[in-house]
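Input: a single structure, listed below in structure tokens.
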2 protein chains.
Amino acid sequence: MYSSELIKGTLKTIILKLLTENEKMYGYELTQKVKDMTGGKIQLTEGALYPTLHALENQGILTTEVVNVGNRLRKYYAITPSGREIASEKVNEFTDFIATMITLLDLKPNLG
Amino acid sequence: MYSSELIKGTLKTIILKLLTENEKMYGYELTQKVKDMTGGKIQLTEGALYPTLHALENQGILTTEVVNVGNRLRKYYAITPSGREIASEKVNEFTDFIATMITLLDLKPNLG
DNA sequence: TAATAATACCTAATTTTCTTATGTATTTAT
DNA sequence: ATAAATACATAAGAAAATTAGGTATTATTA
């Protein structure tokens with residue numbers, strides 16, 4: 001697990017990127033997907049995730065669909081066309097930011 | 001300039017790394033150095049910088065030396081041995097974080 | 001089968017970290 | 001002379017997260 005301050009500011013980017021690659025995902029699924037893909041290094045906390053999802057929905061960036069699975073609710077989130085644009089911008093900005101930080105900190109990233 | 005949320009959490013890492021490479025620097029110098037090295041893409045704000053420098057000093061990570069230049073004060077900051085360890089840890093953590101994010105977001109970073 | 005862990009959602013209080021605004025003062029450039 | 005740059009600092013407020021709590025179902029395991 002990374003120190004919490006590092007991960008700050010990347011939550012929206014992570015959510016939007018994953019939702020461009022998967023047509024719909026629910027909150028818990030997002031936490032597990034991120035945990036799996038990062039070997040547990042990034043774990044989204046529910047207290048941060050759910051309010052962010054709600055905000056993105058209110059902004060028209062995501063839409064929701066509630067599904068009953070057994071007796072349990074699942075709230076699926078899907079990205080809208082305008083959300084795709086924002087996702088793309090965010091990912092590009094983050095890519096640029098990484099390049100800038102590599103230069104600034106003189107990093108030697110080991111790209112698998 | 002990047003959206004502010006992106007830069008969050010990197011301030012300490014930037015300060016400590018630059019102070020491992022330069023035996024002493026003062027606050028204003030840090031703002032200019034970062035601005036120059038990033039082509040203006042990252043600009044440290046004084047409201048964030050000075051309180052952080054003070055905190056690092058209080059934690060024994062930095063030491064200070066006030067110098068009179070003309071009639072103007074300059075407060076030079078230098079990193080302590082324990083600060084070097086923390087700087088190293090922070091840079092390593094950030095490097096690892098970048099690798100994780102590249103995988104997670106499936107990025108194609110253009111490494112100049 | 002009782003207890004625990006995992007799944008699945010949510011909110012509220014607090015903390016952390018940053019932005020924005022403001023202040024003081026000297027030096028350099030126009 | 002005036003404005004911009006240099007150089008420090010703090011304080012109010014906003015933003016984004018953490019921590020901690022709540023509800024409920026389903027699967028595991030002791």
Side-chain angles (χ1 to χ4, degrees), chain A residues 1-16 24-36 40-59 61-62 64-77 90 93-94 97, chain B residues 1-16 18 24-36 40-59 61-78 90 94 97:
Chain A
M1 272 285 282
Y2 300 118
S3 69
S4 63
E5 50 186 16
L6 255 194
I7 305 175
K8 284 181 185 178
T10 60
L11 179 57
K12 264 187 245 174
T13 307
I14 291 171
I15 293 171
L16 294 180
K24 58 177 183 173
M25 296 180 85
Y26 54 99
Y28 186 76
E29 186 184 10
L30 280 163
T31 67
Q32 298 309 301
K33 183 82 173 174
V34 169
K35 189 179 167 190
D36 288 352
K41 285 175 176 175
I42 298 180
Q43 276 167 265
L44 307 186
T45 60
E46 297 174 314
L49 177 62
Y50 288 115
T52 300
L53 287 172
H54 301 162
L56 292 172
E57 186 188 1
N58 290 335
Q59 290 159 29
I61 293 169
L62 303 180
T64 59
E65 177 197 359
V66 177
V67 173
N68 240 299
V69 179
N71 277 326
R72 207 148 51 184
L73 290 182
R74 263 186 206 167
K75 197 167 176 181
Y76 279 99
Y77 290 86
K90 286 217 163 277
E93 190 189 24
F94 190 74
F97 174 67
Chain B
M1 273 285 282
Y2 300 115
S3 68
S4 64
E5 50 184 18
L6 256 193
I7 304 175
K8 284 185 184 176
T10 60
L11 179 56
K12 264 187 245 174
T13 306
I14 291 171
I15 293 172
L16 294 179
L18 289 179
K24 58 178 184 174
M25 297 181 83
Y26 54 100
Y28 185 76
E29 186 183 11
L30 281 163
T31 67
Q32 297 309 301
K33 183 83 174 173
V34 170
K35 189 179 166 190
D36 287 352
K41 284 176 177 175
I42 298 179
Q43 276 167 267
L44 307 186
T45 60
E46 297 173 312
L49 177 62
Y50 289 115
T52 299
L53 287 172
H54 301 161
L56 292 172
E57 186 188 2
N58 290 336
Q59 291 160 27
I61 293 169
L62 303 179
T63 56
T64 58
E65 179 198 359
V66 177
V67 173
N68 239 300
V69 179
N71 276 327
R72 205 146 53 182
L73 290 181
R74 262 187 205 166
K75 198 166 173 181
Y76 278 99
Y77 289 86
K90 285 215 164 278
F94 190 74
F97 174 66

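By convention in this document, chain letters (A, B, ...) are assigned in the order of the sequence lines, proteins followed by strands, and residues within each chain are numbered from 1.
For C:dC18, neither phosphate oxygen OP1 nor OP2 lies less than 4.0 angstrom from any side-chain nitrogen or oxygen of B:Thr45. Contact annotation: B:Lys75 reaches the phosphate of D:dA9 (side-chain N/O to OP1 or OP2, under 4.0 Å). Distances shown here put a side-chain N or O of B:Tyr50 below 4.0 Å from the OP1 or OP2 atom of D:dC8. The phosphate of C:dT11 (OP1 or OP2) has a side-chain N or O of A:His54 nearer than 4.0 angstrom.
You'll find the side chain of B:Gln43 stays beyond 4.5 Å of the side chain of B:Val34, heavy atoms only.
Partners of A:Tyr26 under the ring-ring contact (aromatic ring centres under 6.0 Å, His included) rule, at least two apart in sequence or in another chain, are A:Tyr76.
Per the geometry, CG belonging to B:Leu6 stands 14 Å off C1' belonging to C:dC18, to the nearest Å. To the nearest angstrom, C1' of D:dA16 lies 15 Å from CG of A:Leu53.
Nucleic acid contact class of B:Gly47 (heavy atoms, under 4.0 Å, all strands): base. Using a 4.0 Å heavy-atom cutoff across all strands shown, B:Arg72 reaches at least one base atom of the nucleic acid. Contacts of A:Glu29 with the nucleic acid, taken as non-hydrogen atoms under 4.0 Å apart, are absent. Among the atoms of the strands shown, only primed sugar atoms or phosphate atoms (P, OP1, OP2) are found under 4.0 Å from some heavy atom of A:Leu11.
Between A:Gly70 and B:Pro51, the residue anchored closer to the 5' end of DNA chain D is B:Pro51, taking for each the nucleotide with the nearest heavy atom.
In this structure, the nucleotide among C:dT7, D:dA9, C:dC18 sitting nearest to the side chain of B:Glu46 is D:dA9.
Taken over five-pair windows at either terminus, the axes of the helix from C:dT1-D:dA30 to C:dT30-D:dA1 are inclined to one another by 20° (rounded to 10 degrees).
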Which pairs of donor and acceptor atoms, one on a side chain in residues 61-70 of chain B, lie under 3.5 Å apart (sequence neighbours left out)?
residue : atom : partner : partner atom : Å
B:Thr64 : OG1  : B:Glu57 : OE2          : 2.9

